[in-house]
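Reading through the C-alpha coordinates given below for one structure.
Just so we're clear, the structure is a prediction, and the values are computed from it rather than from any experiment.
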Amino acid sequence: MRTYTHIIDTKAIKITLNSIPDHWVVRELTERDYGIDLMIEIFRESDRVDKNKRAVYEATGHVCYLQIKGTNEEILINDDETVSYQVEKKFLLNAEKYSTPMLLVYVSTINPIKNHQVYFVWVQRYIIDVLEAAVPDWRSKQESYSFKIPIRNSLPLNAEKIEHRIAPRIKYLEEHSEFYEKYTLYREAFPAMVTGH
(Lines give C-alpha, C1' and ligand atoms only; values in the text may rest on other atoms or scores of the structure.)
Protein backbone atom coordinates (compact mmCIF):
# COMPACT_ATOMS: atom_id res chain seq x y z
CA MET A 1 0.00 0.00 0.00
CA ARG A 2 1.12 3.53 -0.72
CA THR A 3 0.45 5.76 2.25
CA TYR A 4 0.23 9.54 2.57
CA THR A 5 3.66 9.48 4.25
CA HIS A 6 5.14 7.68 1.22
CA ILE A 7 3.66 10.31 -1.10
CA ILE A 8 5.10 13.18 1.00
CA ASP A 9 8.53 11.50 1.10
CA THR A 10 8.47 11.03 -2.70
CA LYS A 11 7.61 14.73 -3.12
CA ALA A 12 10.46 15.58 -0.72
CA ILE A 13 12.91 13.53 -2.82
CA LYS A 14 11.83 15.39 -5.97
CA ILE A 15 12.30 18.76 -4.26
CA THR A 16 15.73 17.68 -3.00
CA LEU A 17 16.76 16.57 -6.48
CA ASN A 18 15.80 20.02 -7.78
CA SER A 19 17.80 21.68 -4.99
CA ILE A 20 21.22 20.18 -5.64
CA PRO A 21 23.68 21.36 -8.31
CA ASP A 22 23.07 19.93 -11.77
CA HIS A 23 26.68 18.78 -12.12
CA TRP A 24 26.43 16.40 -9.14
CA VAL A 25 25.49 12.83 -9.99
CA VAL A 26 22.53 11.40 -8.09
CA ARG A 27 22.14 7.67 -7.70
CA GLU A 28 18.77 6.43 -6.52
CA LEU A 29 18.81 3.44 -4.24
CA THR A 30 15.94 1.03 -4.70
CA GLU A 31 16.07 -0.54 -1.22
CA ARG A 32 14.92 2.41 0.89
CA ASP A 33 14.12 0.46 4.05
CA TYR A 34 17.72 0.76 5.22
CA GLY A 35 17.69 4.50 5.86
CA ILE A 36 19.31 5.69 2.62
CA ASP A 37 17.27 7.26 -0.17
CA LEU A 38 19.95 8.66 -2.48
CA MET A 39 23.68 8.70 -2.98
CA ILE A 40 25.26 11.83 -4.43
CA GLU A 41 28.64 11.92 -6.13
CA ILE A 42 30.37 15.26 -6.32
CA PHE A 43 31.70 16.45 -9.67
CA ARG A 44 33.71 19.69 -9.90
CA GLU A 45 34.36 22.04 -12.77
CA SER A 46 37.65 21.25 -14.50
CA ASP A 47 39.90 23.57 -16.54
CA ARG A 48 38.60 22.01 -19.73
CA VAL A 49 35.66 22.97 -21.89
CA ASP A 50 33.74 21.01 -24.50
CA LYS A 51 33.63 21.85 -28.22
CA ASN A 52 30.90 24.43 -27.51
CA LYS A 53 33.07 26.14 -24.87
CA ARG A 54 30.92 24.88 -21.98
CA ALA A 55 32.40 23.74 -18.70
CA VAL A 56 33.37 20.11 -18.27
CA TYR A 57 33.03 18.53 -14.85
CA GLU A 58 35.16 15.73 -13.48
CA ALA A 59 34.60 13.16 -10.75
CA THR A 60 36.11 13.80 -7.33
CA GLY A 61 35.37 10.40 -5.82
CA HIS A 62 33.55 12.18 -2.98
CA VAL A 63 30.13 10.82 -2.07
CA CYS A 64 27.36 11.24 0.52
CA TYR A 65 24.26 9.29 1.43
CA LEU A 66 20.96 11.13 1.87
CA GLN A 67 18.02 10.15 4.04
CA ILE A 68 15.17 12.44 3.06
CA LYS A 69 12.23 13.24 5.31
CA GLY A 70 9.32 15.34 4.16
CA THR A 71 6.54 17.25 5.85
CA ASN A 72 3.48 18.78 4.23
CA GLU A 73 3.67 21.72 6.63
CA GLU A 74 5.84 24.79 6.84
CA ILE A 75 9.00 24.06 8.83
CA LEU A 76 9.10 26.41 11.81
CA ILE A 77 12.35 28.24 12.55
CA ASN A 78 13.40 28.32 16.20
CA ASP A 79 14.68 31.48 17.93
CA ASP A 80 18.25 30.14 17.65
CA GLU A 81 18.05 29.98 13.81
CA THR A 82 17.56 26.20 13.74
CA VAL A 83 14.78 23.84 12.76
CA SER A 84 13.91 20.80 14.85
CA TYR A 85 13.44 17.27 13.63
CA GLN A 86 12.77 14.18 15.75
CA VAL A 87 15.20 11.40 14.73
CA GLU A 88 14.68 7.76 15.65
CA LYS A 89 17.47 6.10 17.61
CA LYS A 90 17.51 3.09 15.26
CA PHE A 91 18.37 5.44 12.36
CA LEU A 92 21.21 6.97 14.39
CA LEU A 93 22.59 3.56 15.33
CA ASN A 94 22.54 2.58 11.67
CA ALA A 95 24.06 5.87 10.45
CA GLU A 96 27.08 5.63 12.74
CA LYS A 97 28.03 2.29 11.13
CA TYR A 98 28.89 4.10 7.88
CA SER A 99 32.15 5.86 7.13
CA THR A 100 30.46 7.61 4.19
CA PRO A 101 28.82 10.84 5.37
CA MET A 102 25.09 10.43 5.93
CA LEU A 103 22.95 13.54 5.56
CA LEU A 104 19.47 13.83 6.97
CA VAL A 105 17.54 16.15 4.66
CA TYR A 106 14.36 17.70 6.07
CA VAL A 107 12.04 19.11 3.41
CA SER A 108 8.78 21.02 3.44
CA THR A 109 6.65 19.93 0.48
CA ILE A 110 4.13 22.72 0.91
CA ASN A 111 4.52 25.20 -1.94
CA PRO A 112 8.21 24.44 -2.67
CA ILE A 113 8.60 27.30 -5.16
CA LYS A 114 7.46 30.06 -2.80
CA ASN A 115 8.54 28.44 0.46
CA HIS A 116 11.81 26.68 -0.36
CA GLN A 117 12.73 24.77 2.80
CA VAL A 118 15.35 22.05 2.34
CA TYR A 119 17.60 21.66 5.38
CA PHE A 120 20.39 19.14 5.95
CA VAL A 121 22.51 17.89 8.82
CA TRP A 122 25.54 15.59 8.76
CA VAL A 123 24.29 12.83 11.05
CA GLN A 124 27.60 11.26 12.14
CA ARG A 125 29.10 14.66 13.07
CA TYR A 126 25.93 15.65 14.91
CA ILE A 127 26.13 12.43 16.95
CA ILE A 128 29.77 13.13 17.88
CA ASP A 129 29.61 16.91 18.36
CA VAL A 130 26.15 17.41 19.85
CA LEU A 131 24.40 14.23 20.94
CA GLU A 132 27.41 12.59 22.62
CA ALA A 133 28.14 15.81 24.52
CA ALA A 134 24.55 16.29 25.70
CA VAL A 135 23.59 12.65 26.34
CA PRO A 136 26.72 10.43 26.52
CA ASP A 137 24.63 7.28 27.10
CA TRP A 138 22.07 8.06 24.38
CA ARG A 139 22.31 4.54 22.93
CA SER A 140 20.66 3.07 26.04
CA LYS A 141 18.06 5.80 26.60
CA GLN A 142 14.99 7.01 24.73
CA GLU A 143 13.89 5.89 21.28
CA SER A 144 14.25 9.26 19.52
CA TYR A 145 16.12 12.55 19.81
CA SER A 146 15.40 16.06 18.62
CA PHE A 147 18.00 17.32 16.17
CA LYS A 148 18.43 21.08 15.81
CA ILE A 149 19.45 21.75 12.22
CA PRO A 150 20.97 25.22 11.55
CA ILE A 151 18.97 27.00 8.87
CA ARG A 152 22.24 27.98 7.17
CA ASN A 153 22.45 24.27 6.23
CA SER A 154 19.99 24.71 3.41
CA LEU A 155 19.84 23.70 -0.22
CA PRO A 156 20.56 25.01 -2.75
CA LEU A 157 22.14 27.96 -0.89
CA ASN A 158 24.79 26.02 1.04
CA ALA A 159 25.57 23.16 -1.34
CA GLU A 160 29.26 24.12 -1.21
CA LYS A 161 29.39 22.93 2.41
CA ILE A 162 28.52 19.45 1.22
CA GLU A 163 30.88 19.71 -1.76
CA HIS A 164 33.92 21.08 0.08
CA ARG A 165 33.61 19.98 3.71
CA ILE A 166 31.34 16.97 4.11
CA ALA A 167 31.66 14.73 1.04
CA PRO A 168 35.51 14.86 0.91
CA ARG A 169 35.80 13.64 4.52
CA ILE A 170 36.55 9.98 3.75
CA LYS A 171 39.26 10.84 1.22
CA TYR A 172 40.73 13.37 3.66
CA LEU A 173 40.93 10.74 6.43
CA GLU A 174 42.34 8.16 4.02
CA GLU A 175 45.11 10.53 2.89
CA HIS A 176 45.99 11.42 6.48
CA SER A 177 46.03 7.76 7.45
CA GLU A 178 48.38 6.96 4.57
CA PHE A 179 50.63 9.88 5.52
CA TYR A 180 50.77 8.72 9.14
CA GLU A 181 51.57 5.17 8.02
CA LYS A 182 54.44 6.39 5.84
CA TYR A 183 55.64 8.80 8.50
CA THR A 184 55.72 5.99 11.08
CA LEU A 185 57.56 3.74 8.64
CA TYR A 186 60.24 6.33 7.81
CA ARG A 187 60.39 8.29 11.10
CA GLU A 188 63.62 6.68 12.26
CA ALA A 189 65.27 7.36 8.91
CA PHE A 190 64.46 11.12 8.89
CA PRO A 191 67.46 12.26 11.01
CA ALA A 192 69.86 10.39 8.75
CA MET A 193 68.23 11.92 5.66
CA VAL A 194 68.61 15.42 7.08
CA THR A 195 72.20 15.08 8.31
CA GLY A 196 73.35 12.79 5.53
CA HIS A 197 74.69 10.19 7.99
Is the shortest heavy-atom distance from the side chain of [X] to the side chain of [Y] under 4.5 Å?
{"X": "Cys64", "Y": "Ile166", "value": "yes"}
{"X": "Asp80", "Y": "Lys148", "value": "yes"}
{"X": "Val105", "Y": "Tyr119", "value": "no"}
{"X": "Ile151", "Y": "Val83", "value": "yes"}
{"X": "Leu104", "Y": "Val87", "value": "yes"}
{"X": "Glu45", "Y": "His23", "value": "no"}
{"X": "Lys11", "Y": "Asn72", "value": "yes"}

Without swapping roles, check the side chain of [X] against the backbone of [Y] for a donor-acceptor pair under 3.5 Å.
{"X": "Lys69", "Y": "Gln86", "result": "no"}
{"X": "Asn52", "Y": "Arg54", "result": "no"}
{"X": "Gln124", "Y": "Thr100", "result": "yes"}
{"X": "Thr3", "Y": "His6", "result": "yes"}
{"X": "Ser108", "Y": "Glu73", "result": "yes"}
{"X": "Asn153", "Y": "Ile149", "result": "no"}
{"X": "Glu88", "Y": "Lys90", "result": "no"}

Between [Y] and [X], is the closest basic N to carboxylate O distance under 4.0 Å?
{"X": "Glu81", "Y": "Arg152", "result": "no"}
{"X": "Arg139", "Y": "Glu96", "result": "yes"}
{"X": "Arg44", "Y": "Glu58", "result": "no"}

Can you see which heavy atom on [X] is nearest to which on [Y], and at what distance?
{"X": "Ile68", "Y": "Asp9", "result": "O-OD1, 4.2 Å"}
{"X": "Leu103", "Y": "Trp122", "result": "CD2-CA, 3.6 Å"}
{"X": "Val118", "Y": "Ile15", "result": "CG2-CG2, 3.7 Å"}
{"X": "Ile36", "Y": "Gln67", "result": "N-OE1, 3.4 Å"}
{"X": "His62", "Y": "Ala167", "result": "CB-O, 3.6 Å"}
{"X": "Thr109", "Y": "Ile8", "result": "CG2-O, 3.6 Å"}

Taking everything shown except [X] itself, do over 12 heavy atoms lie less than 6.0 Å from its [atom1]?
{"X": "Arg2", "atom1": "CZ", "value": "yes"}
{"X": "Asp22", "atom1": "CG", "value": "no"}
{"X": "Lys14", "atom1": "NZ", "value": "no"}
{"X": "Asp137", "atom1": "CG", "value": "yes"}

Apply side-chain hydrogen bond (donor to acceptor under 3.5 Å, both in side chains) to Asp37 and Tyr65, showing your working. CA-CA 7 Å; Asp37 293 315; Tyr65 293 134; over 6 Å; no

Kindly indicate, with the supporting measurements, whether the criterion side chain to side chain contact (heavy atoms under 4.5 Å, CB included) is fulfilled by Ile127 and Glu132. CA-CA 6 Å; Ile127 290 171; Glu132 292 277 351; 4.1 Å; yes

Path from [X] to [Y] over hydrophobic side-chain contacts below 4.5 Å:
{"X": "Leu93", "Y": "Val135", "result": "yes"}
{"X": "Ile7", "Y": "Ile13", "result": "no"}
{"X": "Leu157", "Y": "Trp24", "result": "no"}
{"X": "Val130", "Y": "Tyr85", "result": "yes"}

Would you check if the distance from the ring center of Phe120 to the ring center of Tyr106 is below 6.0 Å? no

Value rounded to 0.5 Å, distance of [atom1] in [X] from [atom2] in [Y]:
{"X": "Leu131", "Y": "Lys89", "atom1": "CG", "atom2": "NZ", "answer": "10.5 Å"}
{"X": "Arg27", "Y": "Leu66", "atom1": "CZ", "atom2": "CG", "answer": "13.5 Å"}
{"X": "Met102", "Y": "Asn94", "atom1": "CE", "atom2": "CG", "answer": "6.0 Å"}

Grouping ILVMFWY residues whenever side-chain heavy atoms fall under 4.5 Å, the cluster of Tyr57 otherwise contains Val25, Phe43

Whether the Ser19 and His116 side chains hold a donor-acceptor pair (N or O, under 3.5 Å, no angle test) is what I'd like checked. yes

For the residue pair Thr82 / Asn78, report whether a side-chain donor-acceptor contact shorter than 3.5 Å exists. yes

Which ring pair (Phe, Tyr, Trp, His ring centres under 6.0 Å) pairs, counting each pair once, include a residue from residues 123-153, with sequence neighbours left out? Tyr126-Phe147

